[in-house]
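Step one of this worksheet: look at the structure below.
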Amino acid sequence: MSQRLSEHAAFTLVETTDIGGTNVTSGWVSMKNFARAMAYVEIGTWNATDDLDECRIEQGITSAGTSAKDLTQDAAGGDYDTDNPVDADGDFVIIEIRAEDMDVDLLFDHIRLYLAEGGNTGVDNVTALLIRYGYAYPQKQVNGAAVTGSKVYVQP
């Protein structure tokens with residue numbers, strides 16, 4: 001990982017599963033109060049004639065993925081370059097995003113990891129983690145207890 005995880009990181013595991021001919025997702029998680037997220041995807045037992053065709057982070061408005069759209073691209077020459085996909089045991093992908101990359105003006109504040117392998121000529125196992133970190137929720141009364149006229153804390 002290129003950044004140190006804060007002590008307030010949240011991990012979502014996508015268990016090892018055969019995705020040959022189908023897809024797998026992490027489920028939708030909120031980015032509220034997190035500054036960054038990263039996904040780690042590792043290929044396990046994998047058929048040599050197959051590729052990890054799709055590997056991206058998507059954004060949505062709700063925990064159900066309302067109005068889902070891609071946050072990172074998986075395409076020829078895209079963020080995950082499908083012209084050079086991972087396709088062998090031990091290969092991995094790391095995707096990193098910042099909360100400010102999201103379309104917050106349109107209320108997008110949830111993300112999920114999406115993986116797919118369109119072909120299926122054998123076993124295509126993949127394991128993945130989606131990690132949110134950089135928890136930004138402020139601590140209560142960091143400089144001591146409030147005292148009228150001396151130590152004042154204002155919150156909405």
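What you are looking at is a predicted structure, and each value in this text was computed from that prediction instead of being measured.
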Fill in: For Y80, ring-ring contact (aromatic ring centres under 6.0 Å, His included) partners two or more places apart
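Not a single residue meets the ring-ring contact (aromatic ring centres under 6.0 Å, His included) criterion with Y80.
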
With hydrophobic residues grouped by side-chain heavy-atom distances under 4.5 Å, do [X] and [Y] end up in a single group?
{"X": "V14", "Y": "V41", "value": "yes"}
{"X": "Y135", "Y": "V104", "value": "yes"}
{"X": "L115", "Y": "I97", "value": "yes"}
{"X": "L13", "Y": "F11", "value": "yes"}
{"X": "V24", "Y": "V123", "value": "no"}

State, to 0.1 Å, how close [X] and [Y] come at their nearest heavy-atom pair, and which atoms those are.
{"X": "I19", "Y": "A116", "result": "CD1-C, 4.0 Å"}
{"X": "D124", "Y": "D18", "result": "N-OD1, 3.0 Å"}
{"X": "D70", "Y": "R56", "result": "OD1-NE, 3.0 Å"}
{"X": "D79", "Y": "Q73", "result": "OD2-N, 2.7 Å"}
{"X": "L113", "Y": "A39", "result": "CD1-CB, 3.8 Å"}
{"X": "Y114", "Y": "T25", "result": "CD1-CG2, 3.6 Å"}

Any side-chain heavy-atom pair from [X] and [Y] closer than 4.5 angstrom?
{"X": "E42", "Y": "D91", "answer": "no"}
{"X": "D109", "Y": "I61", "answer": "no"}
{"X": "C55", "Y": "I95", "answer": "yes"}
{"X": "V29", "Y": "R112", "answer": "no"}
{"X": "D87", "Y": "I43", "answer": "no"}
{"X": "M31", "Y": "F108", "answer": "no"}

Item to complete: Check the pair R132 / R36 against side chain to side chain contact (heavy atoms under 4.5 Å, CB included), numbers first and verdict last.
Response: CA-CA 6 Å; R132 296 167 292 151; R36 297 172 181 258; over 6 Å; no

Worksheet item: Of all residues at least two apart in sequence or in a different chain, which pass the salt bridge (charged side-chain N to carboxylate O under 4.0 Å, His left out) check with D81?
Response: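 D81 satisfies salt bridge (charged side-chain N to carboxylate O under 4.0 Å, His left out) with no other residue.
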
Worksheet item: Taking atom CZ of F34 and atom CD1 of I111, what is their separation to the nearest 0.5 Å?
Response: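 Here the rounded value is 9.5 Å.
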
Worksheet entry | Within residues 44-64 or reaching into it, pairs that qualify as ring-ring contact (aromatic ring centres under 6.0 Å, His included) - sequence neighbours excluded |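 Counting only pairs at least two positions apart or across chains, no ring-ring contact (aromatic ring centres under 6.0 Å, His included) contact touches residues 44-64.
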
Discussion item. Is the distance between the ring centroids of F92 and Y40 under 6.0 Å?
Written reply: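 Yes, close enough.
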
Worksheet item: Is the number of heavy atoms from other residues, nucleotides or ligands within 6.0 Å of NZ (K32) greater than 12?
Response: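 Check fails, neighbour count at 12 or below.
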
Fill in: Exercise: do N47 and T121 side chains pair donor with acceptor under 3.5 Å
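T121 and N47 do have a side-chain donor-acceptor pair below 3.5 Å.
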
Fill in: T72 side chain vs I57 backbone, donor-acceptor pair below 3.5 Å
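Confirmed, T72 side chain pairs with I57 backbone.
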
Worksheet item: Just by distance, do the side chain of Q59 and the backbone of D103 share a donor-acceptor pair under 3.5 Å?
Response: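 Yes, Q59 side chain to D103 backbone: donor-acceptor pair under 3.5 Å.
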
Worksheet item: Should D74 and E54 be marked as a side chain to side chain contact (heavy atoms under 4.5 Å, CB included) after you check the CA-CA gap, both sets of side-chain angles, and the distance that decides it?
Response: CA-CA 6 Å; D74 49 19; E54 299 178 62; 3.2 Å; yes

